[in-house]
Amino acid sequence: MRNYKSIFANVDWVIIILYLLLVFIGWINIYAAVYNEEHHSIFDISQRYGKQLLWIVLALILAFIILLMESQFFTSFAFPIYGVVIFSLLAVLLFGVKINGATSWFQIGSFKIQPSEFAKFATVLALSKYLSILNINMKDIKTKLMAVLIIGLPAALILLQNDTGSTLVYAAFIFVLYREGLSGNILLFGILAILVFVLTLIFGPINIIIIASFSFILFYTIIKYNLKATVISLAVFSIFTYLFYSYDMKPNVIYYGIGGALLLLSIYLFVKKEMKDKSTHFLGVLIFVVTCFFIFSIDFTFNKVLKEHQRTRITVLLGEEDKLVEQIEKLKIERDAEGISKEDKQQLRDDIGAKKYSLRELRQGNGWNIKQSLIAIGSGGVTGKGFLEGTQTKFNFVPEQSTDFIFCTIGEEWGFMGTFVLVSIYIALFLRILFIAERQRSIFSRVYGYGVAAILFFHFLINIGMTIGLAPVIGIPLPFISYGGSSLWSFTILLFILVKLDSERLLVLR
Amino acid sequence: MNLSSRKFIVGIIFLVIGLIFIIRLFNVQVLNEKYKLDSESNVVRKIVQYPARGLIYDRNGELLVYNEAAYDLMVIPKQVKEVDTNAFCKLLEIEKEEFREKFKKAKDYSRYKPSTFLKEISSISYANIQEQLFKYPGFYVQTRTLRKYPRNSAAHILGYIGEVNQSTIESKPYYRSGDYIGKSGLEYSYEELLRGTRGVERILVDVHNRKKGSYKGGAEDTMAVTGTILYTTLDIVLQEYGELLMKNKKGSIVAIEPKTGEILSLISAPNYDPNMLVGRAVKKNYPILSKDTLNPLFNRALMAKYPPGSIFKTVQAMIGLQAGVISENTSFACNKSYVGCHNHPSAGSVAASVKMSCNPYYYNVFRRILQQKRVKSIFKDSELGLAIWSKQVKKFGFGQRLETDLPSIKSGYVPDVPFYNKWYGEGRWAFSTIYSLSIGQGELGVIPLQMANLSATIANRGYYYVPHFVKTIDKVDGIPEKFKEKHSIDIDRKYIDIVIDGMYGVVYEPGGTARRARIHDSIVVCGKTGTAQNPHGEDHSVFIAFAPKDNPQIAIAVYVENAGGGGRWAAPIASLMMEKYLTDSIATRNKPKEKIIV
Ligand SMILES: [Zn+2]
């Protein structure tokens, strides 16, 4: 038998302290979020805060058990664990209960458990195991396909459960694959494509082409160390940005004038360079043309291919309430105009109906939630309203305030101080995990570490991004903080396997 | 490419996202104030506590005005979510079109501030609405009070309240849109006392608009202070009796307690039921009243400028005696070649001239007042005389606003030198031009209140207090100073007694013009009739009187339009009023008099 000393001998205390901090922050904020006078004891087991304490104690026991285990267990049983989880994901589709539209829960008595939460660490284990096999190379198409399969299988099953949020989490593995050799362009283009897509729908194709072309030339000149061109570009870009915002993002003559001039300037600079060095710039021109084509295709698809209800759904997703109102008014004028055929009139009527429905959804559903979430966080101010003094969350203006929107409670009661500290703790945790991952001797442990970082980061990105209006409303928990046993245990297992692997890093040669 | 360096790229992405979040949070939490306001308007609901408006009583403790609860449905447009319009309209018993209109109006006023959506819901529908209201966030009910007038009387005096208009809101910050304010009468004059002070309770509500507690423990709440009770000088029984007597007539009655200036009753006929101008009924009734050709909204007692007619002879007599241009026993023949007169023996004394109301007598009195041969030119002489005369007349309260406690009182008119200079040209008029003033005709304009005040002044033997309605104000010491100030008319008492003798004769002596004004033997009435010539129709009937002769309790003026001689209508009305006031009833022998009039 090993003594306790040796169990904790090599553990990374920084991670454990950050973990305990987050768990504690979560607990007291769940208390604040669902606090009521009748059950004011934070230990009251009939309330969520009492329950969460129970989950925390169980999570700590779980963590302790993991530290007691041999790390070889995880490397040896990675695939079996993965298999069990995949099996349970299939089983839940057949025997699970439906909660909030998603069939992702097993219910035994009053106890509920969500296998998809545990699929996260199982997938990380399996991916780590696969990528640590000797002679594996990310450049091989077979390796890529296999990795995508390992990631895609649980993702697909979770999508079948109708839990889109949890499915999207698996996109986070792109960071892991990137670290292990996946071309950086895929990561970059992925991010850029999403960005361009969203911006085009918000600001329209012309504006985005102007911005894209200018960003492109700016980037290009910086890379080529052409200082003069960079300075000119920056100056024009500043003016451009200033005008863009001062005119409330509504295009006008000056705006198009500047945009046109920019386009000419960028073409001029481009051509000038091209004369000297033809071959290397071919790619640049190609990217530019493809981007423009992409932008127009988004516009075309959005306006011509998509059905009205699909269009409005995207508009809603982007939170464009005003735009929707404007569109409805425009359609109404069209509808009431004279000389319109019966069919057209009916079509317009349907469109208006669909848009009105979306507007209602926007105002009462996600749009309203985001607004209330921002009000709660924004009203916290610098120092917050104080513990248990939050009004927006306490009086149920914010939805799901103990689970997906727990960040609102923190923002409202602890203010910018609180949110700043919390974001900092998370970033510190992520960087610490990266640091730990990089100091591993085994590929398995490193891949695992990146997997942990990627999954936690993705949750952090989407959850907080959603509450502050930077990301669409996707219901996934904030790691270690949101109420819920399944997610807390799953994140705890995920993290503590890494701690265990790390504590034995010196023993592992591979 | 060394894959290990990719840890920096990943690390930088984490850091950049963290930084973006912190910038965004700084923006939302620190820089942006909008969310803090939104947060407050989300949870803090201001409930205005409307104080009960002060009650109004008459001099004997009879309740004249009280309050009745009414419920207003308020709306804060911003908090209104999708409403099931059909069900809601059904609940409120309004049309959908009306709903849309009202909601738009509220939205136009302010999206954040509450405005009245539906006024004065009956208490029955209030119970229904209150039950269902939780389904309609953004709507809530506010209780306020409506004025009620149990006696259906004294509308002109009590006045009415109505919603404040925009200009009042702008000039007086206390008022908000939808508040009520006294619009006329005592409601207007004593607005600040009667209205009380509004209280504000701030409560916290949850997303379903349910009360969750008080805001900041009620530290910013203020209590509503109930309006002050106003005790008036009015005798509501007398007032009602006067209104009865004036039924189907045009004109007014003003009765004053001489020794205090307290107005006992003030009747303007035709009148209206004060309950007609309460709450939602105003919208319907106001146009009806204002379009009525008899003009019931017009308070004749304070606003109608009449020629005083013969009652003015008492003033001329006093001025003449005081100026020394006549004496007690001055006699003038009834020479009808200057002014007309009725047939009577020539007056051998001032008292007799009052009793018989001889026009030529006062023609002479006034000529002596004006033309005293102070200078050679009769024009200049008249001018000097008129200046002194009009100054003296104004001391009686004529030609100036009696600053009573009702708004929109008129000043009447006493012509002076500049007036005639402008009218005829300087030096182009003399006594002979303006002699009709001598008998209370011509350019003289007097309101009924001033006539009653003349009567009170004579009763007091030479002074008056500005007639007023306030007797006591709850929790306030005394009445405004201006009502306690004694105004002397600067006429010696002995001269006034001479006129009073004449006024006694009017009622009791043979040849007196108002023998119908007698009450009974134990109450001595002094009076003076008047018949104001009316070029547009039948003459106006005027009578001023006071009683008892010694230690007068009541002074009165009655003015009945187009009713002929003063003795015929005005005198018996005045007599009945005085009897009612002094004895609380009408003696059987005077009942026939009442019957003729009513
Ligand atoms: Zn005569």
Side-chain angles (χ1 to χ4, degrees), chain A residues 37 138 175-176 178-182 184 187 191 360 363-364 368 371-372 374-382 384-385 390-392 394-399 411-412 415-420 422-424 426-428 430-431 433-435 437-438 450 453-454 457 460-461 464-465 468-470, chain B residues 1-45 78-84 137-138 202-217:
Chain A
E37 307 269 322
M138 245 354 248
F175 286 110
V176 182
Y178 168 71
R179 171 62 183 84
E180 294 308 313
L182 188 74
L187 183 67
I191 294 171
R360 200 151 49 233
R363 283 183 175 156
Q364 294 184 358
W368 196 73
K371 203 159 140 193
Q372 293 302 333
L374 272 171
I375 290 173
I377 295 170
S379 65
V382 180
K385 293 177 184 169
T391 52
Q392 305 304 300
K394 206 138 292 136
F395 298 156
N396 298 325
F397 285 94
V398 178
E412 187 181 12
F416 180 64
M417 304 282 198
T419 55
F420 179 81
L422 187 69
V423 170
S424 304
Y426 271 116
I427 298 300
F430 301 151
L431 294 179
I433 293 171
L434 284 192
F435 172 78
E438 288 292 340
Y450 266 83
F457 173 72
F460 164 84
L461 175 77
I464 295 183
I468 58 180
L470 292 181
Chain B
M1 194 180 179
N2 184 4
L3 289 177
S4 175
S5 69
R6 290 191 169 183
K7 67 187 172 200
F8 295 117
I9 303 283
V10 176
I12 285 168
I13 290 174
F14 289 179
L15 273 174
V16 166
I17 294 294
L19 198 66
I20 289 173
F21 279 7
I22 284 168
I23 291 170
R24 170 74 173 168
L25 284 164
F26 186 75
N27 215 343
V28 168
Q29 297 191 286
V30 181
L31 299 182
N32 200 323
E33 287 298 314
K34 177 181 164 287
Y35 296 116
K36 292 168 191 69
L37 295 177
D38 281 352
S39 151
E40 229 165 66
S41 72
N42 254 351
V43 297
V44 180
R45 193 76 68 252
K78 197 180 155 277
Q79 287 165 1
V80 175
K81 288 198 257 162
E82 285 294 313
V83 179
D84 179 353
R202 288 176 174 80
I203 60 163
L204 295 174
V205 293
D206 70 0
V207 69
H208 305 296
N209 227 7
R210 286 181 298 226
K211 186 176 172 179
K212 282 288 169 181
S214 56
Y215 179 61
K216 291 189 181 170

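Letters A, B, ... are given to chains in the order of the sequence lines, protein chains preceding strands, and every chain is numbered from 1.
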Chemist: With side-chain contact (heavy atoms from CB on, under 4.5 Å) as the criterion, how do B:V10 and A:Y178 come out once you've worked through the C-alpha distance, each side chain's angles and the decisive distance to 0.1 Å?
Modeler: CA-CA 9 Å; B:V10 176; A:Y178 168 71; 3.9 Å; yes
Chemist: Could you tell me which portion of A:L461 (side chain, backbone, both or neither) has an atom closer than 4.5 angstrom to a non-hydrogen atom of chain B?
Modeler: both
Chemist: With a 4.5 angstrom heavy-atom cut-off, is it the side chain or the backbone of A:V382 that approaches chain B, or both, or neither?
Modeler: both
Chemist: Begin from the C-alpha positions of B:R24 and A:I468 and carry the test side-chain contact (heavy atoms from CB on, under 4.5 Å) through to its verdict.
Modeler: CA-CA 8 Å; B:R24 170 74 173 168; A:I468 58 180; 3.6 Å; yes
Chemist: In terms of heavy-atom pairs under 4.5 Å, which option from A:G378, A:G465, A:A376, A:G415 contacts chain B the most?
Modeler: A:G378
Chemist: Tell me, for B:I17 versus chain A, whether the close heavy atoms (under 4.5 Å) come from the side chain, the backbone, both or neither.
Modeler: side chain
Chemist: May I have the step-by-step check of side-chain contact (heavy atoms from CB on, under 4.5 Å) for B:F14 and A:F460, ending in yes or no?
Modeler: CA-CA 10 Å; B:F14 289 179; A:F460 164 84; over 6 Å; no
Chemist: To check you understand the geometry: which heavy-atom pair defines the closest contact between A:I377 and B:Q29, and what is its length?
Modeler: O-NE2, 3.0 Å
Chemist: Is A:I427 in contact with chain B via its backbone, its side chain, both, or neither, using a 4.5 Å heavy-atom distance?
Modeler: side chain
Chemist: Is the gap between the ring centers of A:F416 and B:F26 under 6.0 Å?
Modeler: yes
Chemist: What option among B:N32, B:I9, B:L31, B:L15 has the most heavy-atom pairs under 4.5 Å with chain A?
Modeler: B:I9
